[in-house]
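Numbering starts at 1 and runs along the sequence shown.
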Amino acid sequence: MPVVMNKNISSETKNEALKVAKATQKPGQTKEQTKLIALGIEKGIAEYKKQQKSKARQKDKARKQELKAKQRSETESPIETEHKDQPSSAKLPWILLLLSWIGFAGYLLLA
């Protein structure tokens with residue numbers, strides 16, 4: 001039964017797995033058995049690294065989404081304040097027009 005190594009596993013990981021396999025080697029264990037154990041450890045390390053990368057990507061996505069949401073809320077708040085100011089400033093011309101008519105009517109009545 002030939003042992004097929006995964007091409008994506010780095011040599012550093014392979015060396016690390018072999019060290020662990022040799023450290024836990026039992027008396028009477030053959031080299032082939034040690035290699036199989038090392039292969040299993042390599043796969044475990046590779047799977048762990050995949051999970052960590054996936055978690056890091058998810059955290060990064062969540063951080064970016066929070067930043068985008070924060071930027072959106074910051075850009076929306078000045079627009080809302082402008083809309084709040086607009087109705088009061090829209091009343092001003094009508095008030096001035098009404099005052100001018102009252103003033104003109106008062107001028108005509110007194111003259």
Undergrad: Count the heavy atoms belonging to other residues, nucleotides or ligands that lie under 6.0 Å from CD of Glu12, then report whether that count exceeds 12.
TA: no

Undergrad: Could you pull out all residues at least two apart from Glu47 that satisfy side chain to side chain contact (heavy atoms under 4.5 Å, CB included)?
TA: Lys50, Gln51

Undergrad: Within this structure, what is the CD-CZ distance for the pair Gln65 and Arg72, rounded to the nearest 0.5 Å?
TA: 8.5 Å

Undergrad: On a heavy-atom basis, which atom in Ala38 and which in Ala17 lie closest, and how many Å separate them?
TA: O-CB, 3.5 Å

Undergrad: Any Lys/Arg nitrogen of Arg57 or Asp60 sitting under 4.0 Å from an Asp/Glu carboxylate oxygen of the other?
TA: no

Undergrad: Quick one: does Glu42's side chain get under 4.5 Å of Ile45's, heavy atoms only?
TA: no

Undergrad: Could you walk me through whether Thr13 and Lys49 pass side chain to side chain donor-acceptor pair (under 3.5 Å), step by step?
TA: CA-CA 10 Å; Thr13 303; Lys49 286 183 178 180; 2.9 Å; yes

Undergrad: Would you give the length of the straight line joining atom OG1 of Thr30 to atom CG of Leu36, rounded to the nearest 0.5 angstrom?
TA: 8.0 Å

Undergrad: Can you tell me which residue pairs pass the side-chain hydrogen bond (donor to acceptor under 3.5 Å, both in side chains) test with a partner in residues 95-111, sequence neighbours excluded?
TA: none

Undergrad: Atom CG in Leu99, atom CH2 in Trp94: separation rounded to 0.5 Å?
TA: 13.5 Å

Undergrad: Tell me, please, which residues at least two apart from Thr34 pass side chain to side chain contact (heavy atoms under 4.5 Å, CB included).
TA: Ala21, Lys22, Gln25, Gln29

Undergrad: Would a hydrophobic clustering, with Ile, Leu, Val, Met, Phe, Trp and Tyr connected at side-chain separations under 4.5 Å, put Leu18 with Val20?
TA: no

